[in-house]
S.K.: 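The following block contains the structure, expressed as structure tokens.
It should be emphasised that the depicted structure is a prediction, and the values quoted were computed from it without experimental measurement. Order of the sequence lines fixes the chain letters, A, B, ..., with proteins taken first and strands second; residue numbering starts at 1 for each chain.
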2 protein chains.
Amino acid sequence: MSLDYMIQYLDFTYLLLPIDIYQAVASIGSSAPIEACMRPEDAAAIRDLLLFRDAREDTFAELVRAGFLQRFPPGVTLINESEPADFLYVVVEGLVELFATSGDRETTMSIVEPVGTFILAAVLNDQVYLQSARTLEKAQILMIPAEKVREALGTDPAFTHAVVTELARGYRRAIKEVKNQKLRTGAERLANWLLRQAVPSDTEARVRLRFEKRVLSSLLGMTPENLSRALSALKPHGVVILGPEILIQDQAALLRFANPSPLVDGPE
Amino acid sequence: MSLDYMIQYLDFTYLLLPIDIYQAVASIGSSAPIEACMRPEDAAAIRDLLLFRDAREDTFAELVRAGFLQRFPPGVTLINESEPADFLYVVVEGLVELFATSGDRETTMSIVEPVGTFILAAVLNDQVYLQSARTLEKAQILMIPAEKVREALGTDPAFTHAVVTELARGYRRAIKEVKNQKLRTGAERLANWLLRQAVPSDTEARVRLRFEKRVLSSLLGMTPENLSRALSALKPHGVVILGPEILIQDQAALLRFANPSPLVDGPE
DNA sequence: CGTAAGATTGAGTCCGATCAAGGCGAGTGG
DNA sequence: CCACTCGCCTTGATCGGACTCAATCTTACG
């Protein structure tokens, strides 16, 4: 058992003991300044987030100072829906899956990449989380106490304005997702997702999956089996599957099939 | 042809001539003070909206003063998706359907009752509408210029805070709708919708549809035919259909089938 | 090299959509 | 007052898409 694995295991145990989490995390947070744990470029990336970019220097400093920077191994559940929103989360490194359940069914709601935040709405209204979150790979997460975020809201107008903008963005993204689900078939959702992921290129685009296909299938609202079939169905439309790598050889053909719209797939 | 109908018809023509709308509406707005056109209880209801309740008196007055109060006949398209967001809308009376399209498909996104607002997010970020809106019945609508809303955002902290809360609410409602769509079957969505509409009662609840069933079917993400079948499928679970009136005779049974959750069906 | 987990493929079933026909009700005109 | 008509709702039959179950293949990793 390697030391690396030991560390991961220890982190993991913190999460299995909810009562002890806060002390454990807090002690880590207080013993080592956030800035010391973070690579400078990561700190700069957080500062450059739309949510923080226009905030006053002292607002930002206070939020980060009060936050806990923590590393997690893959597969760790960070939050559970129906729990009160204690922290605003910032993904500094790695991948986080937001998912939701109802009865015994579960679906992936979104994938958060660095540098992105999640569950801002629950934090602001001091409500329970509507979604759960788990790490998909080794991740570095900044957790900012909800109380601090709400405080900053009252003291820094520029930050408040950024929160409004970010909330409105999230709102609109969610509306688009409803449209995506209600107006499209599975194969169309997949085609549009691929086009959105693809690095723009004149000739051909390549999409490299950073997570399992079963996660993608759930994100798109279908079963893993169906995703396989949907991918096959896209072959006649210029798509080539090479394991976790997907080539879009004929972008025009895929666009014709996908029929994307900025009112559904738009970046914001 | 009655005078009443004439007036409706004239209103309608304004909407068919987009270039002339603004002048027409503006002239109405300036010739008659809003307060004169509105019943006092309606004005009070608007003031009592979560969005306006905590706003300063002068902020509210300015927003309403700059707004246009307009009556519309049923079936009038108020806004079209992809158009720039020029107004924040408040439904004072009647019913408004928000819907969205993609290609030749269309789906109902939500129904707005008095007193409610719609498309706040687009207004705040100065973006295009993601949804279209049409009246389902004779309606009275207050249209507040987007510019005024954004101005108020910078001058009235209490209003800003209300906007944050309202946005977060809308965001969470949209997330819930995604969960509703991805995690439930059509019949389950129907059952939960009925329970949500039903006036709480110890014995039996009654739901009276205020709009066509085809609209409801679209709202729930199914075809009209399927809604009929889904309603029939709920009969063994204590539901009786009497045309546009639906009785829930056995609430316990329907609850057992619907399996509602505050994280999907909650009021906020 | 062996195991385990994920991905794919096939077969059967279910849910929902489409197409087509008939019933009901409101509004219209004779 | 009554037939007519036009939507809307319903019902049935058929079709297609998506899910389930099961088996096989691939891959990652010990």
Side-chain angles (χ1 to χ4, degrees), chain A residues 1-2 4-5 8-9 73-75 97 102-108 136-138 180-191 207-236 239-246 257, chain B residues 1-2 4-5 8 73-75 97 102-108 136-138 180-191 207-235 239-246 257:
Chain A
M1 188 183 277
S2 73
D4 213 51
Y5 182 76
Q8 288 186 2
Y9 183 75
E97 173 192 14
S102 178
D104 56 352
R105 282 166 271 193
E106 175 183 319
T107 191
T108 302
L136 285 178
E137 48 181 51
K138 199 151 66 83
N180 193 29
Q181 286 293 327
K182 289 179 78 176
L183 293 170
R184 285 181 174 153
T185 67
E188 287 170 340
R189 289 195 294 274
L190 170 61
V207 178
R208 159 155 225 100
L209 292 182
R210 293 185 58 192
F211 43 84
E212 294 169 0
K213 282 183 180 166
R214 61 187 316 126
V215 175
L216 176 59
S217 71
S218 181
L219 177 67
L220 296 174
M222 49 176 119
T223 58
E225 298 95 322
N226 233 325
L227 173 61
S228 274
R229 287 185 248 271
L231 274 169
S232 300
L234 291 187
K235 281 177 186 169
V239 172
V240 178
I241 307 133
L242 305 167
E245 191 110 9
I246 295 154
F257 174 82
Chain B
M1 188 183 277
S2 73
D4 212 51
Y5 182 76
Q8 289 186 0
E97 172 191 16
S102 178
D104 55 352
R105 281 167 271 193
E106 173 182 321
T107 191
T108 302
L136 285 178
E137 46 182 53
K138 199 153 67 82
N180 193 29
Q181 285 294 326
K182 289 178 78 175
L183 292 170
R184 285 181 174 153
T185 67
E188 288 170 340
R189 289 195 294 275
L190 170 61
V207 178
R208 160 156 223 99
L209 293 182
R210 294 185 57 191
F211 42 84
E212 293 169 0
K213 282 184 179 165
R214 62 188 314 127
V215 175
L216 176 59
S217 71
S218 182
L219 177 67
L220 295 174
M222 50 176 120
T223 57
E225 297 95 323
N226 234 321
L227 173 61
S228 272
R229 286 185 248 272
L231 275 169
S232 301
L234 291 187
K235 282 177 188 169
V239 172
V240 178
I241 307 133
L242 305 168
E245 190 110 9
I246 294 154
F257 174 82

S.K.: Please enumerate all residues that pass side chain to side chain contact (heavy atoms under 4.5 Å, CB included) together with B/Ser218, with sequence neighbours excluded.
M.R.: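 Here the qualifying residues are B/Thr107, B/Thr108.
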
S.K.: Nucleotide by nucleotide, 5' to 3', does protein get under 4.0 Å of the base (B), only the sugar-phosphate (S), or neither (-) in nucleotides 18-25 of chain D, counting heavy atoms?
M.R.: SSBB----

S.K.: Under the side chain to side chain contact (heavy atoms under 4.5 Å, CB included) test, which residues partner A/Ser232, sequence neighbours left out?
M.R.: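 A/Lys235.
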
S.K.: B/Leu227 has an atom CG; how far is it from atom C1' of D/dT11, in whole Å?
M.R.: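 Roughly 14 Å, once rounded to whole Å.
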
S.K.: Could you write out each protein N or O paired with an N or O of nucleotides 28-30 of chain D at a distance under 3.5 Å?
M.R.:
none

S.K.: Expressed in angstrom and rounded to an integer, what is the separation of B/Leu209 atom CG from D/dC8 atom P?
M.R.: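 Value for this atom pair: 15 Å.
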
S.K.: Contact boundaries of DNA chain C with chain B (under 4.0 Å, heavy atoms), 5' to 3'?
M.R.: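 From 5' to 3', the first and last contacting nucleotides are C/dG16 to C/dC19.
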
S.K.: The helix from C/dC1-D/dG30 to C/dG30-D/dC1: angle between its terminal axes, five pairs each, to 10°?
M.R.: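 For the helix from C/dC1-D/dG30 to C/dG30-D/dC1, the axes at opposite ends meet at about 30°.
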
S.K.: Can you tell me the distance, in whole Å, between the CG atom of B/Leu242 and the P atom of D/dT10?
M.R.: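 Taking atom P of D/dT10 as the reference, CG of B/Leu242 is at 11 Å.
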
S.K.: Looking at residues at least two apart in the chain, or sitting in another chain, which of them share a side chain to side chain contact (heavy atoms under 4.5 Å, CB included) with A/Glu106?
M.R.: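 Once residues adjacent in sequence are excluded, the partners of A/Glu106 under the side chain to side chain contact (heavy atoms under 4.5 Å, CB included) criterion are A/Phe99, A/Thr101, A/Arg134.
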
S.K.: Is the distance from OP1 or OP2 of D/dT10 to the nearest side-chain N or O of B/Ser232 less than 4.0 Å?
M.R.: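 Negative; the distance criterion is not met.
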
S.K.: Applying salt bridge (Lys or Arg N to Asp or Glu O under 4.0 Å), can you list everything that pairs with A/Arg189, at least two apart in sequence or on another chain?
M.R.: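 Partners of A/Arg189 under the salt bridge (Lys or Arg N to Asp or Glu O under 4.0 Å) test: none.
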
S.K.: Which residues pass the salt bridge (Lys or Arg N to Asp or Glu O under 4.0 Å) test with A/Arg229, not counting sequence neighbours?
M.R.: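 A/Arg229 satisfies salt bridge (Lys or Arg N to Asp or Glu O under 4.0 Å) with no residue once adjacent residues are dropped.
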
S.K.: Side chains of residues 210-217 of chain A: which donor-acceptor partners sit under 3.5 Å, not counting sequence neighbours?
M.R.:
{"residue": "A/Arg210", "atom": "NH2", "partner": "A/Glu137", "partner atom": "OE2", "Å": "3.1"}
{"residue": "A/Lys213", "atom": "NZ", "partner": "A/Gly243", "partner atom": "O", "Å": "3.1"}
{"residue": "A/Ser217", "atom": "OG", "partner": "A/Arg214", "partner atom": "O", "Å": "2.6"}

S.K.: Could I get the full list of salt bridge (Lys or Arg N to Asp or Glu O under 4.0 Å) partners for A/Glu225, not counting sequence neighbours?
M.R.: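 Once residues adjacent in sequence are excluded, A/Glu225 has no partner under the salt bridge (Lys or Arg N to Asp or Glu O under 4.0 Å) criterion.
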
